[in-house]
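Data first, discussion second: the structure below is written as structure tokens.
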Amino acid sequence: MSLLVVGLSHRSAPVSVLERAALTVDAQSKLLHDTVAAEPAAEAAVLATCNRIELYADVDKFHAGVAELSTLLARHSGVSLEELTPYLYVHYEDRAVHHLFSVACGLDSMVVGEGQILGQIKDALARAQDLHTAGRLLNDLFQQALRVGKRAHSETGIDRAGQSLVTFGLEQLAGREPVEAWAKGRRALVIGAGSMSSLAAATLARSGVDEVVIANRTLERAERLARILAEGGTGVRARAVRMDAVAAELTRADVAVSCTGATGLVLTGADVAAAVSGRTGAPAVTLPGQTGTPAAAGDADRACADDTCLVTPGDGTGNPDGTDGTDGTDGPDSGPHIGDAHAYEQHGALVDNSPSVGGGAAARTATAVARAQVAAPARTVALALLDLAMPRDVDAAVHRVEGVRLVDIESLAEASADAPMAADVDAVRTIVSDEVAAFGAAQRAAHITPTVVALRTMAADVVSGEIARLDGRLPELGDKERAEITQTVRRVVDKLLHAPTVRVKQLASEPGGAGYADALRTLFDLDPETVAAVSRADHLRDAPGAQAGQQDQHHQNDDPKRGRA
């Protein structure tokens, strides 16, 4: 079996395609079940964020695996295979490992060096484990990816190469001003109370806004977040409102951040135009065909699933050893518990030390300039909007509303192309290369271990048989003599097997060493079923809950088409 990843990201596909292909939590679960039920795949995991949708699987056939995984992605995303195919990328075996490790380190993120992707990887693994679609390969791979990402952030200055998408987005809104100077005294509206919205609210509070209003479908969650902000020591006033109060609050706000899981627009062009007119007293640009109220408030408390949507309390960089729980209503994309003030304290430190990317995008075509307003505005801005949702929460037509400045995922993608790269990126790339080599060697060595164990088991059986035969021929042999003979024979066998088994493990860990296990089985005429039995026993022993007597989990692992949790 071999590792295969098929996916698309902000590097391979336009935002419009990513937006349409976004997977809900239910769709991710169905995709995982269908993948492990497919012929080429034995285990599967999905990494789905605002900026990427990737399906990882352990497959036995490359071409069949690519075809099956591509078809499944198209089916569950709702985008036709013909339309999706030009934007898909494929990585296999070591290249697939290298890709995930690079993603974990923030090298493949929209803002290079951000650390919150680690929380998304941790959630992807947890989801696959809960659904029993993650087997040994994907468990080892994702756990190692978390360790590699943590190592990159602790051993290098990769954090200086970028920051969280929230901070980056606010910097684009601030233009050439420092965020703290731009935000001081402003009134902020945050739509949603999920992990990304919580991160935005904490960042705004740290930046010096006067007031933060949290709007959410579930008022209790908004109230909890408002309470944490008010008690956070920043002096910010914080309060919670229901989603139906967004229109009124928008007329008071200077800056609004939205990141929900809504399937439709939360703010239409008409909503924003009306809010600006109500705030300034001057007529706003009318947008034909733009009517209605927030369309998908019912989903507005689910967190945005972006590379930077998760703040994990622990070390502020998605420490896999931390505790990034959920409260049961935010879905698996959730970040810290709303009540975890320590997480926001740590994020505040990250914001305080974050370098300013500033500047904005270079001169572009007239259409791009209208869409990516990242430089300091030449006009008075009554309302600044930051849309971090995928699919988008704010109508792109808002770019044409006079007095409004909108920065969305598409704008950030363009702006991030001009962001400076830190020298530490090279150090992280070296770490990734070293870790990929080590992971490959460990996997190849692990592949031959059942064969070596089966060989030693066979040798032990031969020794036992010969000692039993000796007992039959020399029944008068004393216990002391018999024990000495038995020990001598075992030492002889162990010494004969020691060098070959050690050497074969070394050879198997090298590139191209997969064939040594087959050679060993052939040379010693080992029963394939014996080797398989060793693998199954090892598989069950490593499964969580095995020692607690969870026999139902054992039955899942006995199925060759199911992964272990």
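With a 6.0 Å radius and a threshold of 12 heavy atoms from other residues, nucleotides or ligands, Arg242 has its CZ atom at or below the threshold.
When all heavy atoms of Gly269 and Val398 are compared, the pair lying nearest together is CA-CG2, 3.9 Å. Between Gly192 and Ile214, the shortest heavy-atom distance links the atoms O-CG2, 3.9 Å. Between Asp108 and His10, the closest heavy-atom pair is O-NE2, 3.0 Å. Closest heavy-atom contact between Ala256 and Leu250: CB-CD1, 4.0 Å. For the pair Ser102 and Val432, the tightest heavy-atom approach, listed with the atom from each and the gap, is OG-CG1, 3.8 Å. Heavy-atom minimum distance, Asp387 versus Ala389: OD1-N, 3.1 Å.
Checked for salt-bridge contact, Arg206 and Glu180 miss the test: no charged N lies under 4.0 Å from a carboxylate O. Here Arg186 does not pair with Asp210 in a salt bridge; the nearest charged N to carboxylate O distance is not below 4.0 Å. The existence of a salt bridge linking Arg429 and Asp426 is confirmed by a sub-4.0 Å separation between a basic side-chain nitrogen and an acidic carboxylate oxygen.
Taking the salt bridge (charged side-chain N to carboxylate O under 4.0 Å, His left out) definition, one finds that Arg239 meets it with Glu211, Glu249, sequence neighbours left out. With sequence neighbours excluded, the residues satisfying side-chain contact (heavy atoms from CB on, under 4.5 Å) with Thr430 are Asp434.
Side-chain contact check for His33 versus Leu131: some heavy-atom pair is nearer than 4.5 Å. A 4.5 Å side-chain heavy-atom check between Ile431 and Thr156 finds at least one atom pair inside the cut-off. Taking 4.5 Å as the limit, some side-chain heavy atom of Val428 sits within range of a side-chain heavy atom of Cys105. Counting heavy atoms from C-beta on, the side chains of Glu54 and Tyr89 come closer than 4.5 Å. Contact annotation: the side chain of Ile53 never approaches that of Ser77 to less than 4.5 Å [non-hydrogen atoms, C-beta and beyond].
For the atom pair CG of Leu386 and CG of Leu406, the computed distance is 8.5 Å after rounding to the nearest 0.5 Å. Taken to the nearest 0.5 Å, the SG atom of Cys259 stands 13.5 Å off from the CZ atom of Arg392. The line from CG of Leu8 to CZ of Arg52 is 10.0 Å long, rounded to the nearest 0.5 Å.
For the residue pair Asp393 and Thr260, a side-chain donor N or O sits within less than 3.5 Å of a side-chain acceptor on the partner. Counted by atom type alone, Asp26 and Ser29 present zero donor-acceptor pairs between their side chains at under 3.5 Å.
Between His99 and Phe101, the gap from one ring centroid to the other reaches at least 6.0 Å.
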With a cut-off of 3.5 Å and sequence neighbours excluded, list every side-chain donor-acceptor pair involving residues 228-238.
| residue | atom | partner | partner atom | Å |
| --- | --- | --- | --- | --- |
| Thr234 | OG1 | Val236 | N | 3.4 |

* **Test log, rule side chain to side chain contact (heavy atoms under 4.5 Å, CB included), inputs Ile191 and Val246** => CA-CA 8 Å; Ile191 304 175; Val246 165; 4.1 Å; yes

